[in-house]
Structure formats: C-alpha cells, structure tokens
Amino acid sequence: SRLVQPGSVLVLAARSGDELRALQDELTASEAGRAGLKVRVAVADVGRTEGLEAIIRSSAEAFSENIDRVILINNAASLGDVSRFTRSFTDMAEVDSYLSLNVSSSLCLTARVLQAFPGRGGLRHTVVNVTSLCALQPFRSWVLYCTGKAAREMMFRVLAEEEPELRVLNYSPGPLDTEMQQEARSRTADPEVKIAFSDMKTRGQLLTCEESCAKLMKVLLEDGFSSGAHIDVYDV
C-alpha cells in the first residue's frame with residue numbers, strides 16, 4: 001500500500017469477512033489511505049463461481065480510466081490432506097474438490113480478470129501465481145499439494161507463452177511461519193518430511209509473510225524477470 005500511487009485501488013478477496021474489513025479500515029486510515037488509496041473488499045470463496053463473480057464485480061466497481069496497470073495475485077490455496085499417502089486417494093470427488101479450489105479457480109479467475117479488463121488504451125497486466133518448491137520437487141504424503149502447485153505453475157507458463165504482452169510471475173514465497181506450516185508440522189504422514197518442517201521452526205528458518213512479500217514487491221517493481229519464470233524468495 002505504501003508503494004502504489006495515490007488513486008490506486010486494492011481489491012482484497014478472502015472468505016474471512018471480519019478480518020478483511022479490519023484490514024480495509026487499517027489501510028484506509030494509513031498514510032497511503034489518506035493520500036488517496038482506495039480499498040475494496042470481496043468476501044468470496046474462490047472455489048465457487050459466485051465467489052469469482054463477486055471479485056470481478058468489486059473490481060469493476062472500483063476501476064477507473066486513470067488506472068494504467070492491473071495486478072492480479074493468485075494466492076488462495078489449501079494444503080490438502082497430508083496425513084495420507086498417494087495410494088489412499090481413491091475418492092474422485094475428494095480429489096476433484098481439491099483441484100477445483102487450488103487449480104481451476106485460479107485459471108478461471110485469471111481468465112475473468114483478463115476479459116473484464118482488456119489491454120486497451122495502454123492498460124498493462126501483471127499476473128502473479130504464488131507457487132512453491134512443491135511445484136518442482138515431490139514431497140512424500142503431499143500428493144495433492146504438489147500436484148496442485150505443479151499444475152498451476154504450468155498453467156501460468158502457458159499463459160505467458162500465449163500472451164507475451166502480459167507479465168506473468170510464478171513466485172515461491174519460501175517456508176512461511178503460518179497456520180499452514182503448523183498444520184504441516186503436526187499432520188504430515190511422512191516422518192522425514194515432518195521432521196524437516198519441525199526443524200525449520202526450531203532453527204528459526206521460517207520467514208515472516210512481511211519478509212517474503214517485501215521481496216515479491218521488489219521483483220515486481222524492478223520488473224526484470226522473464227515472463228512465466230519461477231522465482232524463489234531466496235533468489236531475490
């Protein structure tokens with residue numbers, strides 16, 4: 001919020017309405033808010049069509065002809081059941097539900113944004129996919145998460161090939177000290193993977209969200225990456 005120009009709009013989307021509105025109030029009262037930053041919220045589940053529609057509707061209502069760049073950050077995702085191994089996933093509905101939230105939603109949201117805000121009149125687009133080392137490297141008992149991250153990354157690499165005028169980034173934020181990490185440490189079935197995550201916490205190797213987000217903003221502002229590239233937090 002401190003880096004965008006006055007008159008910019010942030011559209012924040014999540015399922016947690018109270019937390020979204022608290023953040024909206026905080027940003028509106030901040031120096032950036034007082035300088036003209038507009039903050040809109042969309043309480044939405046991206047795993048449902050009506051959630052995507054709510055995000056597009058909020059974005060369209062906030063859009064103005066003075067905006068010269070649209071940046072979409074695809075961050076919504078879930079860990080999935082890491083307490084089991086691959087051979088236990090026999091229920092197609094369970095797998096389909098996971099892939100719907102973690103793969104289909106990001107494709108459909110991205111396509112809807114590009115259609116709603118076409119690149120005319122100098123409007124530029126940047127699409128960020130929050131990816132993971134798991135998109136590149138298999139982790140035992142993490143079949144859903146690794147599959148989803150790998151599929152998403154290829155999806156955005158295809159988009160970069162199809163539309164060279166877009167700026168597309170696959171950003172891997174590193175091991176973050178979040179509730180997802182806590183879940184990984186407590187529920188991962190594979191003992192070696194579980195110990196590896198626990199050791200990161202014990203040794204103070206987990207990153208804060210603020211540390212990783214600052215590096216993402218650095219990459220976006222410098223704008224020197226190859227479109228479609230995978231950039232890890234430790235590469236910045």
Side-chain angles (χ1 to χ4, degrees), residues 13-16 43-55 72-112 127-161 168-202 205-207 209 212 228-234:
R15 291 171 295 175
S16 47
V43 181
D45 179 352
V46 297
R48 303 175 67 86
T49 298
E50 53 266 35
L52 302 185
E53 292 171 348
I55 294 170
L72 170 63
I73 300 180
N74 287 281
N75 183 50
S78 64
L79 182 60
D81 189 348
V82 294
S83 69
R84 297 149 57 197
F85 294 96
T86 301
R87 66 168 60 231
S88 74
F89 288 93
T90 57
D91 184 352
M92 286 185 63
E94 177 186 9
V95 177
D96 289 346
S97 176
Y98 181 85
L99 294 177
S100 177
L101 171 62
N102 289 274
V103 180
S104 305
S105 69
S106 59
L107 172 57
C108 294
L109 177 59
T110 300
R112 285 170 181 255
V127 178
V128 179
N129 170 43
V130 177
T131 186
S132 168
L133 176 63
C134 293
L136 309 177
Q137 179 177 323
F139 283 68
R140 292 185 297 271
S141 73
W142 283 41
V143 64
L144 291 181
Y145 190 77
C146 290
T147 298
K149 287 299 186 183
R152 274 172 64 140
E153 183 144 335
M154 181 54 73
M155 177 199 314
F156 288 102
R157 288 176 60 190
V158 170
L159 177 62
E161 290 290 326
V168 182
L169 173 65
N170 288 295
Y171 178 69
S172 182
L176 303 178
D177 195 4
T178 62
E179 290 182 7
M180 192 189 93
Q181 264 286 332
Q182 183 177 350
E183 185 178 356
R185 293 193 301 273
S186 63
R187 300 193 67 235
T188 296
D190 186 83
E192 291 184 18
V193 174
K194 187 175 185 178
I195 290 170
F197 283 112
S198 296
D199 286 349
M200 284 183 189
K201 176 67 173 179
T202 302
Q205 295 174 332
L206 298 181
L207 304 173
C209 293
S212 188
H230 175 112
I231 295 182
D232 192 275
V233 63
Y234 296 115

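What's counted below: heavy atoms across the whole structure, side chains too, no hydrogens, waters or symmetry copies.
The distance from atom CG of N129 to atom CZ of F156, rounded to the nearest 0.5 Å, is 4.5 Å. Remark: L206 CG to T178 OG1 distance equals 8.5 Å, nearest 0.5 Å.
Checked against a 6.0 Å centroid threshold, the rings of W142 and F197 count as neighbours.
A salt bridge does not link R48 to E53: none of the charged nitrogens lies less than 4.0 Å from a carboxylate oxygen.
The environment of CZ in R15 is sparse: at most 12 heavy-atom neighbours from other residues, nucleotides or ligands sit within 6.0 Å. Crowding of R112 atom CZ: a count of heavy atoms from other residues, nucleotides or ligands under 6.0 Å exceeding 12. Atom CD of E161 is surrounded by 12 or fewer heavy atoms from other residues, nucleotides or ligands within 6.0 Å. Within 6.0 Å of CD on E179 lie no more than 12 heavy atoms contributed by other residues, nucleotides or ligands. Within 6.0 Å of CE on M180 lie more than 12 heavy atoms contributed by other residues, nucleotides or ligands.
F85 does not carry R140 over the face of its six-membered ring by the limits of under 6.0 Å from the centre and within 45° of the normal.
Between the side chains of S212 and Y171, at least one donor-acceptor pair of N or O atoms lies under 3.5 Å. Between the side chains of T188 and D190, not a single donor N or O lies within less than 3.5 Å of an accepting N or O.
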- Item | Steps toward side-chain contact (heavy atoms from CB on, under 4.5 Å) verdict (S106, M155) | CA-CA 9 Å; S106 59; M155 177 199 314; 3.8 Å; yes
- Could you walk me through whether R185 and Q181 pass the side-chain contact (heavy atoms from CB on, under 4.5 Å) test, one step at a time? CA-CA 6 Å; R185 293 193 301 273; Q181 264 286 332; 3.7 Å; yes
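Scanning both residues, L72 and L109, for their nearest heavy atoms gives CD1-CD2, 4.2 Å.
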